[in-house]
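Quick caveat, the model's predicted, so the values are computed rather than measured.
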Amino acid sequence: MATAGETKGTRMIALVGPAGAGKTSLAEALLFAAGATDRLGSTANGSSIGDSSPEARQRGGSTELNLLHFDYLGSHFAIVDCPGSVGFAADGTRALALADAAIVVVDPDPARAPLAAPALRLLDELGIPHLVFVNRIDQAHGRIRDLLSALQPMSVSPLIARQIPIREGEKVTGFVDLALERAYHYEPGKESRRIDIPEMLANDEKKARTQMLEQLADHDDELLEQLLMDQEPAPEKIFTDLARETGENLGVSLMFGSALSAWGVRRLLKALRHEVPGPAAAATRLGVESPSLNVFKVIHGSVGRLALGRVLGGKIAEGSDLKSGSDHARLGALFRVQGEKTAKIGEAQDGDVVAVAKVDSIKAGDWLGSGKLPPPIEVEMPARNFALAIEPADRKDDVKLSGAIHRFVEEDSALIVEHDDANHELRLRGVNDEHLNTVIARLKRRYGVEVKTHPPAVGYKESIRKPVTQKGRHKKQSGGHGQFGDVIIEVKPLPRGSGFHFEEKIHGGAIPKQYIPAVEDGVKEAMAKGPLGFQVVDCAVTLIDGSYHSVDSSELAFRLAGRIAMQEALAAAQPHLLEPMQKLSVLCPSGATSRITSAIAGRRGQMLGMGPREGWTGWDRIEAMIPEAELSGLEAELRSQSQGLATYEAEFDHLAELNGPLADKVIKQKVPEPA
């Protein structure tokens, strides 16, 4: 029977975790330890294979996923380094769903443990096997057991400590492997040196190893019996159980090291080789029955449009004719991606992560296959809470901007383009300011399009308080046929949210039937911009009387008469301002709840309710009502109050009357006083 280390096919490993934990540095260390590179790449000095884009270099963190490949002792691995920052995390979401396993990279400080909660919860929801790697262990000051206690409430599966640190004073200089009962001393740039287990750690090692074995025995009756009989289990038995715990999501191994020094990375590589399931397990989880490819991202680069995807269920070759839904696609050239470099290959093996050319009709999320296609993979995109209105700095770049934005939306699943016709705005909507600022920078670098940006207009409206009857007449004589239209309308306020209602009660043919639609058009034109400068809503208009001229009347004349009557009626009907109210749902760690409720209250928010977040220990859900005008900057404020963890969703709920100085300020900005 083959061991996990002999698994056929390429195993896809995702690196996930909070921003700044060192995921890209760990990817570089894995490449170095596996012999795929001859030096340890560094993000700090710009020598890393990952994070090679100018935006990532300038920011000092990932702005898009990184794809890397290496072989280790005959096993093939594809690494997907997923961005940890909230603004860019969505870029790795589709890829993560395809992974065989994930490594959650965390900081050794127990106070920063909550930052790993979103990644751990997502992996549990997706059912993806995972391990935890505690990075920067050489900078640790607290105890590993404290970190373990802080992380455990965030994980559905129990965390299994695989190692204990060896310290010299306050500094960690090595580790004891509890499964092998061997001690190692870290050596800069080299493999760790095996040493004797320090006498002062002998008791701690026995206790920690016993706890690890007892955790494994929870799912292995044979091991439990051995422990009860004080029998020493064979190392093969322990590693088989560790592989089972990982593969079936029964437990989460916790290991540690330092990516910048490549400490503990070779031990991690061995765990990946022997304990992570192969692509067959992912194929089963995703319902793959025949050779298939799932596209998780589209990119536009030097070789044109490429679809990045993973092959499962068998081999796929260049030129294969595959179906996708009701369409067919003939695969172009296949490439293996290593950072920003591509290498052409003729055939993709089971589990491979590849880039495919000339499949322009295929988008992110699509399956391609020769047989029955697997079910769609459901992934949840983050809320897009930040928007910018954009326009080209040079009007000649209109077409270029449109094409560039189309490509960006293809590449970035978290980016949305909106056209606000009422305010004549083209808007980009994304996760946060960091996300959109990066998009703007890429627009200029990749396509030479410089844009002007400003906050999008708030969707203010206006309505009326009292009913009015108003006459409107348009009369013009200029030789030959003139223009004549005469109407009388009744305008009444309607309950909030009723919209607009028009009817006619013309008797005796005072206005011919063919002109009545023109009157309604004129009324609507007047409502597009009321006396306060905003669209008018929630009113009813009844055409009750009027007169016409057999020669000079026309649709144009009655449209103008209807507009005149409505403009004058609105001005006389006590117009008032309405502001859009958003229903806000905030998810945050419980420790930040009081600060966040204060922040919402400071933005004229009204609390609707609060309670624990379902299924999340130590997290709350806050419900509130808040004016749309107060959402600007809210995402950044909530992040600052919650270690970057709080997220929110907002959706339009209703229009509310706005009065006083705030209303005066809005109206003055919309309709400036004449000079």
Q: Test side-chain contact (heavy atoms from CB on, under 4.5 Å) on Thr453 and Leu436 and set out the steps.
A: CA-CA 11 Å; Thr453 67; Leu436 290 194; over 6 Å; no

Rounding to 0.5 Å, atoms OH (Tyr648) and CD (Gln582) come to a distance of 8.5 Å

Quiz prompt | Side-chain donor/acceptor of His130 to backbone N/O of Ile128, under 3.5 Å | solution = yes

* Is any NZ, NE, NH1 or NH2 atom of the basic residue among Arg336 and Asp352 found under 4.0 Å from an Asp or Glu carboxylate oxygen of the other? -> yes

Just wondering, are more than 12 heavy atoms of other shown residues or ligands nearer than 6.0 Å to CD in Glu340?
no

When rounded to the nearest 0.5 Å, the distance separating CD1 of Ile79 from CD1 of Ile103 is 6.0 Å

Quiz item: Okay, side chain of Arg395, backbone of Glu391: is any donor-acceptor separation there less than 3.5 Å?
Solution: no

Note: Ala646 and Cys588 closest approach over all heavy atoms is CB-CB, 3.8 Å

Q. Can you tell me if Asp538 uses its side chain to pair, donor with acceptor, with the backbone of Ser498 under 3.5 Å?
A. yes

Please step through side-chain contact (heavy atoms from CB on, under 4.5 Å) for the pair Phe534 and Leu578, ending with a clear verdict. CA-CA 9 Å; Phe534 301 92; Leu578 300 174; over 6 Å; no

One should read off an interatomic distance between Ile596 CD1 and Glu637 CD, to the nearest 0.5 angstrom, of 9.0 Å

- Distance-only polar pair, side chains of Arg603 and Ser632, donor-acceptor under 3.5 Å: no

Any side-chain heavy atom of Leu645 sitting closer than 4.5 Å to one from Leu115? yes

- Query: Is Glu635 salt-bridged to Arg639, going by a charged N under 4.0 Å from an acidic O?
  - Reply: yes

Q.
For Arg429, is there any backbone N or O sitting under 3.5 Å from a side-chain donor or acceptor partner on Glu418?
A. no

| If only atom types and distance count, is the side chain of Asn135 paired as donor or acceptor with the main-chain N or O of Val105 below 3.5 Å? | no

message = Hydrogens and angles aside, do Asp620 and Thr593 bring a side-chain donor and acceptor to less than 3.5 Å of each other?
response = yes

Here the gap from Thr24 atom OG1 to Leu68 atom CG, rounded to the nearest 0.5 Å, amounts to 8.5 Å

For Val458 and Ala629, the nearest pair of non-hydrogen atoms, with its separation, is CG2-CA, 4.0 Å

- Item | Verdict with supporting geometry, Glu125 and Arg121, salt bridge (Lys or Arg N to Asp or Glu O under 4.0 Å) | CA-CA 6 Å; Glu125 290 170 6; Arg121 289 295 184 176; over 6 Å; no

(message) Any non-hydrogen side-chain atom of His69 less than 4.5 Å from a side-chain atom of Val353?
(response) yes

Looking only at heavy atoms, the pair that brings Gly365 and Arg94 closest together is CA-NH1, 3.8 Å

Note: Gly459 and Glu628 closest approach over all heavy atoms is N-OE2, 3.3 Å

Check: Among side-chain atoms of Ser85 and Arg59, is any donor-acceptor pair under 3.5 angstrom?
Finding: yes

From the list Leu494, Leu655, Ile464, side chain to side chain contact (heavy atoms under 4.5 Å, CB included) partner of Val537 resolves to Leu655

* Would you say Leu312 and Asn294 make side-chain contact, with heavy atoms under 4.5 Å? -> no

### Query
Any donor-acceptor pair under 3.5 Å linking the side chain of Asn437 with the backbone of Asp433?
yes

Check your understanding: For His406, does the NE2 atom sit with more than 12 other heavy atoms under 6.0 Å from it, leaving out its own atoms?
Key -> no

Run the side-chain contact (heavy atoms from CB on, under 4.5 Å) test on Ile440 and Leu428 for me, step by step, so that the C-alpha distance in whole Å, both residues' side-chain angles and the decisive distance to 0.1 Å come before the verdict. CA-CA 10 Å; Ile440 299 300; Leu428 287 182; 4.1 Å; yes

request  = Please determine if Lys23 and Asp81 form a salt bridge, counting it only when a charged side-chain N lies under 4.0 Å from a carboxylate O.
outcome  = no

Checking Met607 against Thr597 for the side-chain contact (heavy atoms from CB on, under 4.5 Å) test, could you report, in this order, the C-alpha distance in whole Å, the side-chain angles of both residues, the deciding distance, and whether it holds?
CA-CA 8 Å; Met607 298 301 299; Thr597 55; 3.8 Å; yes

Over 12 foreign heavy atoms within 6.0 Å of NZ, Lys461
yes

- Message: Heavy-atom count check: over 12 atoms from other residues, nucleotides or ligands less than 6.0 Å from Gln58 CD?
- Response: no

field: Flag side-chain contact, heavy atom, 4.5 Å: Asp394 against Glu450
entry: no

So Ser52 and Glu64, do their side chains get closer than 4.5 Å, heavy atoms only? no

For this session: Step through the shown structure and confirm whether more than 12 heavy atoms of other residues, nucleotides or ligands are within 6.0 Å of NZ on Lys344.
Result: yes

I'd like to know if the side chain of Arg112 reaches the main chain of Asp107, judged simply by a donor and an acceptor atom lying under 3.5 Å from each other, with no hydrogens or angles considered.
no

Which of Lys297, Arg442, Arg305, Arg446 passes salt bridge (Lys or Arg N to Asp or Glu O under 4.0 Å) with Glu411? It is Arg446

| Should Asp100 and Arg310 count as an ion pair when the cut-off is N to O under 4.0 Å? | yes

**Report entry** Heavy-atom check, side chain of Leu584 versus side chain of Leu634, under 4.5 Å
**Finding:** yes

In terms of heavy-atom contacts, Phe88 and Thr438 come closest through CZ-OG1, 3.3 Å

**Q.** Non-hydrogen side-chain atoms of Val16 and Leu122 separated by less than 4.5 Å
**A.** no

Check your understanding: Is a side-chain donor or acceptor of Gln641 paired with a backbone partner of Arg595 at a separation under 3.5 angstrom?
Key -> no

N/O donor-acceptor pair under 3.5 Å between Ser53 side chain and Ala56 backbone = yes

- [ ] Find out whether Ser463 and Arg496 are in side-chain contact, i.e. whether some heavy atom of one side chain is under 4.5 Å from a heavy atom of the other.
- [x] yes

For Gly339 and Val337 the tightest heavy-atom approach is O-CG1, 3.3 Å

In this structure, CD of Gln606 is separated from CE of Met625 (nearest 0.5 Å) by 7.5 Å

The reported gap from CG in Leu26 to CG in Leu31 (rounded to nearest 0.5 angstrom) is 9.5 Å

